[in-house]
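One structure below.
All values reported here derive from a predicted model rather than from experimental measurement.
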Number of protein chains: 2
Amino acid sequence: MDKKETATTDTTEQRIFDAAHEVFVQKGLDGTKMQEIADRAGINKALLHYYYRSKEKLYEMVAKGVITRAIPVIRQTLESDLPLKEKIEAFIDFYINLISKNTFVPMFILGEVNKHPQYFVEHILPKDLPQPQKFLQQLEAEIAAGHIRPIRPEHLVVNIVSMCVFPFLAKPMAAIILGMPEEEIKAFLLERKTAVKDFVFAALRPDPTA
Amino acid sequence: MDKKETATTDTTEQRIFDAAHEVFVQKGLDGTKMQEIADRAGINKALLHYYYRSKEKLYEMVAKGVITRAIPVIRQTLESDLPLKEKIEAFIDFYINLISKNTFVPMFILGEVNKHPQYFVEHILPKDLPQPQKFLQQLEAEIAAGHIRPIRPEHLVVNIVSMCVFPFLAKPMAAIILGMPEEEIKAFLLERKTAVKDFVFAALRPDPTA
DNA sequence: GTCTATAAGCAGATAGAC
DNA sequence: GTCTATCTGCTTATAGAC
């Protein structure tokens with residue numbers, strides 16, 4: 001988990017980038033020290049500046065990479081032509097899979113947007129974000145047809161995303177409070193895929209009295 | 001929102017603490033500069049050290065205050081003797097109310113636990129945390145009695161907390177992505193109380209085929 | 001108690017040898 | 001390309017006047 005999946009070329013430049021990714025994603029821009037990146041990459045600070053001019057530039061590349069990788073997955077599921085139920089299932093599966101492999105990423109994105117919203121909008125975020133309209137229309141149609149219980153679409157989307165993402169954000173907290181060992185927590189988080197699906201579809205069952 | 005509700009005595013010491021609270025909660029330990037706290041409190045850096053020895057000490061007091069205020073509310077609802085349905089409603093109401101008045105606090109807690117887990121456990125967290133056991137037992141009883149649809153209790157708790165907290169964490173992100181103006185987002189977040197309740201109770205309806 | 005001035009330490013960035 | 005050594009600037013922290 002949270003390891004480079006591709007390990008591309010193993011040049012120094014790449015090693016630095018990977019090290020930077022690990023640290024930035026966990027500690028954010030302010031919390032990260034160049035020394036720590038250098039240590040993890042097994043080189044010294046001077047080389048960081050040789051390859052990436054400054055701390056901010058390095059951060060920018062890492063952050064862009066994180067966002068850029070996350071976007072297509074979301075777009076794909078939201079904008080696809082699958083029927084609603086399958087779309088929701090696919091979304092939950094994709095989403096939780098993605099996060100499982102990048103545990104710190106949601107925290108990173110949300111935290112950094114909170115702290116440097118201006119900067120994030122101007123330098124990191126891409127212009128064309130996934131549009132949920134299609135999904136929302138689909139949902140309204142199903143409600144009108146009486147196939148599912150009425151619900152304001154935005155709330156459904158927010159509910160689904162919340163249940164997928166939040167447990168990973170709260171993982172360290174939960175580990176402390178519940179005193180759960182790492183392995184138990186991992187197992188629990190894996191169960192989330194079916195748990196969220198069950199919960200959502202249960203909530204969407206049409207009301208027999210209607 | 002996010003203003004001191006009591007504004008106790010308005011001594012210098014208090015003004016510093018309040019200023020520190022605002023900044024720390026928004027920017028975290030690393031992102032906060034003593035200068036900014038001093039500016040907001042309308043005094044200079046030297047006084048910060050006069051009243052609170054160091055940045056870390058000041059942070060510690062603020063963080064402890066935040067946690068300490070949040071805990072009893074959670075304990076109260078979880079450990080009360082209300083019947084399950086009312087307990088869930090009370091929990092959602094209390095929780096969303098609490099967060100509405102302290103928008104940055106959940107981000108603060110989760111973010112800081114992520115970045116300094118060791119430090120948090122040792123210095124900030126109190127020893128006696130609220131125990132969800134009673135609630136979990138109550139839930140199991142209701143399931144056994146067939147009053148609600150079977151669900152693993154831990155997942156229900158996680159689902160509820162997720163749906164309450166996450167939208168507030170994602171607020172700045174959502175504002176950017178959806179291009180929603182501040183007012184619209186606030187209105188949406190206010191709807192969450194009933195939205196979450198509806199969703200949860202809909203999901204808990206017993207299955208007619210069972 | 002509150003200020004100004006300054007010390008001390010750290011982190012980002014550069015120069016220059018190899 | 002990679003290193004050591006160094007500079008610069010910023011941030012925390014203290015000394016000392018009022």
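Rounded to an integer number of Å, the gap from A:Leu29 CG to C:dA11 C1' is 13 Å. Atom-to-atom, NZ of B:Lys55 to P of C:dC10 comes out at 14 Å; the value is rounded to the nearest Å. The distance between atom CZ of A:Arg15 and atom C1' of D:dG1, rounded to the nearest whole Å, is 13 Å.
Between A:His49 and C:dA13 there is a side-chain polar atom (N or O) within less than 4.0 angstrom of OP1 or OP2.
Remark: B:Asp39 pairs with no residue by the salt bridge (Lys or Arg N to Asp or Glu O under 4.0 Å) rule, at least two apart or across chains.
Judged purely by distance below 3.5 Å, without hydrogens or angles, the side chains of B:Asn114 and A:Lys27 never pair a donor atom with an acceptor atom.
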Between protein and nucleic acid, restricted to nucleotides 2-5 of chain C and to nitrogen or oxygen atoms under 3.5 Å apart, what atom pairs and distances do you find?
residue, atom, partner, partner atom, Å
C:dT2, OP1, B:Thr12, OG1, 3.0
C:dT2, OP2, B:Thr12, OG1, 3.3
C:dT2, OP2, B:Tyr51, OH, 2.6
C:dC3, OP2, B:Asn44, ND2, 3.4
C:dC3, O5', B:Asn44, ND2, 3.1

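Between B:Tyr95 and B:Phe91, the ring centre distance stays below 6.0 Å. Taking the centre of each ring, A:Phe120 and A:His116 stay at or above the 6.0 Å mark.
Sparse packing is recorded around CD of B:Gln118, with 12 or fewer heavy atoms of other residues, nucleotides or ligands lying under 6.0 Å away. Under a cut-off of 6.0 angstrom, the local environment of CE in B:Met61 is sparse, with at most 12 non-hydrogen atoms contributed by other residues, nucleotides or ligands.
The side-chain heavy atoms of B:Asn159 and B:Phe199, taken from C-beta on, include no pair separated by under 4.5 Å.
Applying a 4.0 Å cut-off to non-hydrogen atoms, none of the residues of residues 30-38 of chain A approaches DNA chain D.
Ring-plane geometry between B:Phe188 and A:His155 is classed as parallel, the angle between the planes falling under 30 degrees on a 0 to 90 degree scale with a further cut at 60.
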